[in-house]
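This report concerns only the one structure given below.
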2 protein chains.
Amino acid sequence: MTARHEEIADELRKAIDREEYTVGSRLPAETDLAAQYGVSRGTVRQAVAALTAEGLIGSRQGARRVVLASRRSQSFAELRSFAEWARAMEREATGHVVEQEYRPATAEDAVRLQLPEKTPVLHVLRVRGLDGEPVLLERTVYADWISPAVEAIEPDCPSVTQRLYDDTGLVFAYGEHVIDAVAAGAQDAELLGIRRTSPLLRVRRVTTTREGRPVEWSDDRYRSDAVSFSVHNSIGNNALARKTAE
Amino acid sequence: MTARHEEIADELRKAIDREEYTVGSRLPAETDLAAQYGVSRGTVRQAVAALTAEGLIGSRQGARRVVLASRRSQSFAELRSFAEWARAMEREATGHVVEQEYRPATAEDAVRLQLPEKTPVLHVLRVRGLDGEPVLLERTVYADWISPAVEAIEPDCPSVTQRLYDDTGLVFAYGEHVIDAVAAGAQDAELLGIRRTSPLLRVRRVTTTREGRPVEWSDDRYRSDAVSFSVHNSIGNNALARKTAE
DNA sequence: GAGGCCAACTTGTTCAGACAAGTTCTCCGC
DNA sequence: GCGGAGAACTTGTCTGAACAAGTTGGCCTC
């Protein structure tokens with residue numbers, strides 16, 4: 001039972017993918033699309049707004065919408081879950097836990113997870129790979145209320161996100177990602193199979209539930225020769241921001 | 001004459017900033033806000049949709065909206081323009097051109113800028129700094145039709161974006177950013193005043209006009225001790241995507 | 001006191017109509 | 001052929017209404 005505007009957005013995406021509407025060409029006018037799909041103009045507007053936010057089409061008042069690109073970016077599901085991402089690329093996700101222990105929450109843990117200081121929180125260090133080759137080191141801290149469920153997961157589970165959803169119904173809904181570059185330390189280098197001081201792409205992120213409650217925060221380090229990130233921005237949709245240190 | 005829904009979004013942002021609505025608290029219901037501002041519910045929905053996209057508030061059907069964060073991310077203007085960004089932080093943007101020359105477009109240039117191969121395109125290498133300290137190296141290629149306007153700009157102009165707008169009315173409307181990490185090469189190290197092999201945050205981006213016409217593409221390298229990027233994501237708004245190499 | 005059920009509340013979706021503001025194209029005059 | 005004025009078209013904004021779907025809190029029972 002998906003909403004009609006989502007169905008229409010999906011059909012438009014597929015039509016663009018099929019090159020029914022080629023890059024550079026113009027989309028039919030809203031009123032035409034509305035008639036074609038048998039819905040009101042407002043519903044069509046919701047559909048095309050989604051494609052605009054994804055960067056697939058461009059929009060200017062007065063002129064017909066233009067197709068800008070043909071490949072859409074990933075779904076949030078693919079970003080949240082390493083395993084989902086691997087599956088979308090038809091590669092095999094691997095992973096295993098290197099270290100796992102409870103520690104009292106530091107001041108930083110307490111702020112990020114909105115918990116009292118010294119609450120015992122679960123620290124997990126995981127190595128994750130694509131087709132057996134390690135590409136990512138995850139140092140994650142889980143909030144106390146989800147830690148038992150995380151502890152119960154076997155060490156080489158390929159998809160922690162999926163397991164937590166199956167076991168507890170938990171859905172990761174929002175995420176804040178801070179991206180920078182660091183040189184690989186001794187432990188990083190050994191676990192990822194690279195030389196020390198190699199550049200790594202670091203993503204520090206906090207994930208929260210739909211209610212806005214923080215679940216985990218993590219320091220993820222990617223081999224920069226294997227993985228990169230891409231962000232699409234436009235006027236009126238600015239997800240990416242530059243920040244200065246400290 | 002800004003749209004009413006933008007005004008309302010702005011007032012809500014300010015109210016959150018003033019902690020009139022604190023983080024974790026609930027926003028008034030749509031109908032209450034509509035009555036308060038004397039507009040229809042649809043207009044309020046447009047306003048809160050903007051804040052949701054920015055990650056300021058969370059939204060779930062049936063429950064009142066929750067304030068998730070208090071600091072909003074930057075405007076697209078600040079991301080597009082180094083000078084705008086510096087000004088928003090109340091720091092001084094500096095910059096100067098190190099090299100500038102026309103070269104025939106390579107196959108890559110031609111694809112990215114949607115030009116015929118071998119068209120002469122303008123390559124510019126700029127160093128940019130905050131309060132005099134260099135933080136960014138920009139290697140930019142401009143499309144042939146904008147190159148003359150770029151060439152006319154003095155070498156130490158602090159805001160190229162602003163100058164191009166003033167001179168030609170050009171507006172940067174869309175951008176695709178690919179982020180990864182690289183080790184500083186000899187030239188990078190010398191111009192940024194760091195050691196060779198230091199990790200740098202690299203952003204390769206293409207900027208286009210409102211019509212979807214590519215204007216420039218650039219390889220930007222940031223000192224990772226000075227600058228980082230942040231992205232806010234949520235279900236239904238996934239600007240960030242992971243990519244594998246090549 | 002604990003648990004379950006229901007009513008009130010709130011957001012999500014959709015419709016139909018109206019006007020404003022910007023673009024595109026055609027036709028006309030020079 | 002060229003340029004300008006204007007008509008036709010298209011997206012942006014806003015309204016008011018209705019129902020669907022999900023959440024919350026209170027009341028009632030055990």
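Chain A is the first sequence line, chain B the second, and so forth, proteins listed ahead of strands; every chain is numbered from 1.
- Comparing C:dT11, D:dG12, D:dT15 by their nearest atom to the side chain of A:Ser59 picks out D:dG12.
- Formation of a donor-acceptor pair under 3.5 Å by the A:Arg128 side chain with backbone atoms of A:Pro158 is found in this model.
- As a whole-Å value, the separation of B:Asp32 CG from C:dC9 P is 11 Å.
- Atom pair A:Leu33:CG and D:dT10:P shows a separation of 11 Å (rounding to whole Å applied).
- Taking 4.0 Å as the cut-off between side-chain N and carboxylate O, B:Glu84 and B:Arg87 count as a salt-bridged pair.
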Taking it one step at a time, do B:Phe229 and A:Phe229 satisfy ring-ring contact (aromatic ring centres under 6.0 Å, His included)? CA-CA 11 Å; B:Phe229 284 84; A:Phe229 285 84; over 10 Å; no

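- Nucleic acid contact for B:Thr31: none, since no nucleic acid atom lies under 4.0 Å from a heavy atom of the residue.
- To the nearest angstrom, C1' of D:dT15 lies 13 Å from CD1 of B:Ile8.
- Ranking C:dT11, C:dA21, D:dT13 by closeness to the B:Arg65 side chain, first place goes to C:dT11.
- At whole-Å resolution of the value, CD in A:Glu30 and P in D:dT13 are 11 Å apart.
- Rounded to whole angstrom, the span from the CZ atom of B:Arg60 across to the P atom of D:dG22 amounts to 12 Å.
- Only one option out of B:Asp220, B:Asp180, B:Asp219 pairs with B:Arg204 in a salt bridge (charged side-chain N to carboxylate O under 4.0 Å, His left out); it is B:Asp180.
- B:Arg64 contributes a side-chain N or O that, together with a main-chain N or O of B:Leu27, makes up a donor-acceptor pair within less than 3.5 Å.
- When distances are taken from the side chain of B:Ala3 to each of C:dT11, D:dT24, D:dC14, the shortest belongs to D:dC14.
- Following rounding to the nearest Å, B:His5 (NE2) and D:dT15 (C1') show an atom-to-atom distance of 14 Å.
- For the pair B:Gln46 and B:Arg41, nearest-nucleotide mapping onto DNA chain D gives the more 5' position to B:Gln46.
- Side-chain proximity of B:Arg26 to the nucleotides C:dG12, C:dC15, D:dT24 is greatest for D:dT24.
- Atom P of nucleotide C:dT11 and atom CD of B:Gln61 are separated by 10 Å, given to the nearest angstrom.
- Nearest to the side-chain atoms of B:Arg4 among the listed nucleotides C:dT13, D:dG12, D:dC14 stands D:dC14.
- Of all nucleotides listed (D:dG12, C:dT10, D:dA21), C:dT10 comes nearest to the side chain of B:Arg64.
- Taking every side-chain heavy atom of B:Ser40 into account, D:dG16 is the closest of C:dT11, D:dG16, C:dC15.
- A:Arg45 comes within 4.0 angstrom of a base, heavy atoms only.
- Of the listed nucleotides (D:dT15, D:dA21, C:dT23), C:dT23 has the atom at the smallest distance from the side chain of A:Ala63.
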